[in-house]
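Could you have a look at this structure, given as structure tokens, before my questions?
Values reported hereafter were calculated over all heavy atoms of this structure, with side chains retained and with hydrogens, waters and symmetry mates removed.
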Amino acid sequence: MTIALIATVTPKPEAVDKVEALMRELTGHSRAEPGARRYDLFRGTDATVRFHVFEIYTDEAAVEAHRTSPHYTAFRAAVGDLLAEAPVVVSATPVDTAE
């Protein structure tokens with residue numbers, strides 16, 4: 001079953017450029033994962049800078065493979081002290097059965 005994730009990351013104001021660079025690097029690696037159908041990075045337009053990632057995976061095993069991948073675990077280690085708050089991740093499955 002297809003799994004979609006929407007992740008929101010809020011960097012500290014002084015770390016916006018560094019977090020964006022780390023997220024761009026993560027995006028490149030994540031798009032190459034076998035179970036990743038989509039991995040898109042967005043920057044919010046509000047006064048507080050937030051990055052949003054829209055991810056689609058083939059199944060829960062692909063999500064777990066992403067979460068345990070070397071590039072994702074390295075990203076989490078590098079970004080930890082640069083965030084203003086904990087990332088928010090929403091998981092969803094399609095309602096429309098046309099895939």
Side-chain angles (χ1 to χ4, degrees):
M1 174 182 288
T2 298
I3 306 288
L5 300 177
I6 302 164
T8 299
V9 175
T10 306
K12 293 177 181 174
E14 68 274 13
V16 169
D17 292 341
K18 178 66 174 169
V19 171
E20 182 173 346
L22 289 167
M23 294 191 77
R24 284 176 179 270
E25 182 178 351
L26 175 65
T27 297
H29 291 295
S30 298
R31 285 179 174 164
E33 294 172 8
R37 290 186 178 170
R38 184 166 202 110
Y39 199 97
D40 297 323
L41 176 62
F42 299 88
R43 182 176 173 148
T45 57
D46 297 335
T48 300
V49 175
R50 289 184 177 87
F51 295 99
H52 306 281
V53 182
F54 179 62
E55 310 167 47
I56 298 179
Y57 297 94
T58 54
D59 54 25
E60 191 60 46
V63 173
E64 186 59 26
H66 170 69
R67 288 182 178 152
T68 59
S69 68
H71 53 270
Y72 181 75
T73 55
F75 167 79
R76 291 298 303 243
V79 80
D81 292 336
L82 304 175
L83 301 183
E85 56 191 61
V88 175
V89 180
V90 176
S91 179
T93 57
V95 174
D96 180 359
T97 57
E99 292 188 36

May I ask you to test the Pro94-Thr2 pair for a side-chain heavy-atom distance under 4.5 Å? yes

State the CZ-CG distance between Phe51 and Leu22, to the nearest 0.5 angstrom. 10.0 Å

Out of curiosity, does Val89 fall in the hydrophobic cluster containing Leu82 (side-chain heavy atoms, cut-off under 4.5 Å, transitive links)? yes

Evaluate the side-chain proximity of Val49 to Pro13: yes if any heavy-atom separation is below 4.5 Å, no if none is. no

Do Ile56 and Tyr72 share a hydrophobic cluster, counting only Ile, Leu, Val, Met, Phe, Trp and Tyr and linking them when any side-chain heavy atoms are less than 4.5 Å apart? no

Between the side chain of Ser30 and the main-chain N/O of Thr27, is any donor-acceptor distance below 3.5 Å? no

Supply the atom-to-atom distance His52 NE2 to Leu41 CG, rounded to the nearest 0.5 angstrom. 10.0 Å

What about Ile6 and Val9, same hydrophobic cluster or not, with Ile/Leu/Val/Met/Phe/Trp/Tyr joined at side-chain heavy-atom distances under 4.5 Å? no

Tell me, yes or no, whether the heavy-atom count around Arg76 atom CZ, taken from other residues, nucleotides or ligands under 6.0 Å, exceeds 12. no

Kindly compute the distance separating OG1 (Thr93) from CG (Asp59), expressed to the nearest 0.5 Å. 13.0 Å

Could you grab the distance from atom CG of Leu83 to atom OG1 of Thr10, nearest 0.5 Å is fine? 8.0 Å

How about Val53 and Phe42: do any of their side-chain heavy atoms sit closer than 4.5 Å? no

Inter- and intrachain pairs under ring-ring contact (aromatic ring centres under 6.0 Å, His included), touching residues 10-37, at least two apart: His29-His71

Steps toward side chain to side chain contact (heavy atoms under 4.5 Å, CB included) verdict (Arg31, Asp40): CA-CA 8 Å; Arg31 285 179 174 164; Asp40 297 323; 3.3 Å; yes

Between the side chain of Arg37 and the main-chain N/O of Thr58, is any donor-acceptor distance below 3.5 Å? no

In Å and rounded to the nearest 0.5 Å, what is the OH to CD1 distance from Tyr57 to Ile3? 11.0 Å

Measure from the side-chain N and O atoms of Lys12 to the backbone N and O of Asp81, and report whether any donor-acceptor pair falls under 3.5 Å. yes

Side-chain touch Arg38/Glu55, heavy atoms, less than 4.5 angstrom: no

Is it true that Val63 and Phe54 fall in one hydrophobic cluster, defined by side-chain heavy atoms closer than 4.5 Å? no

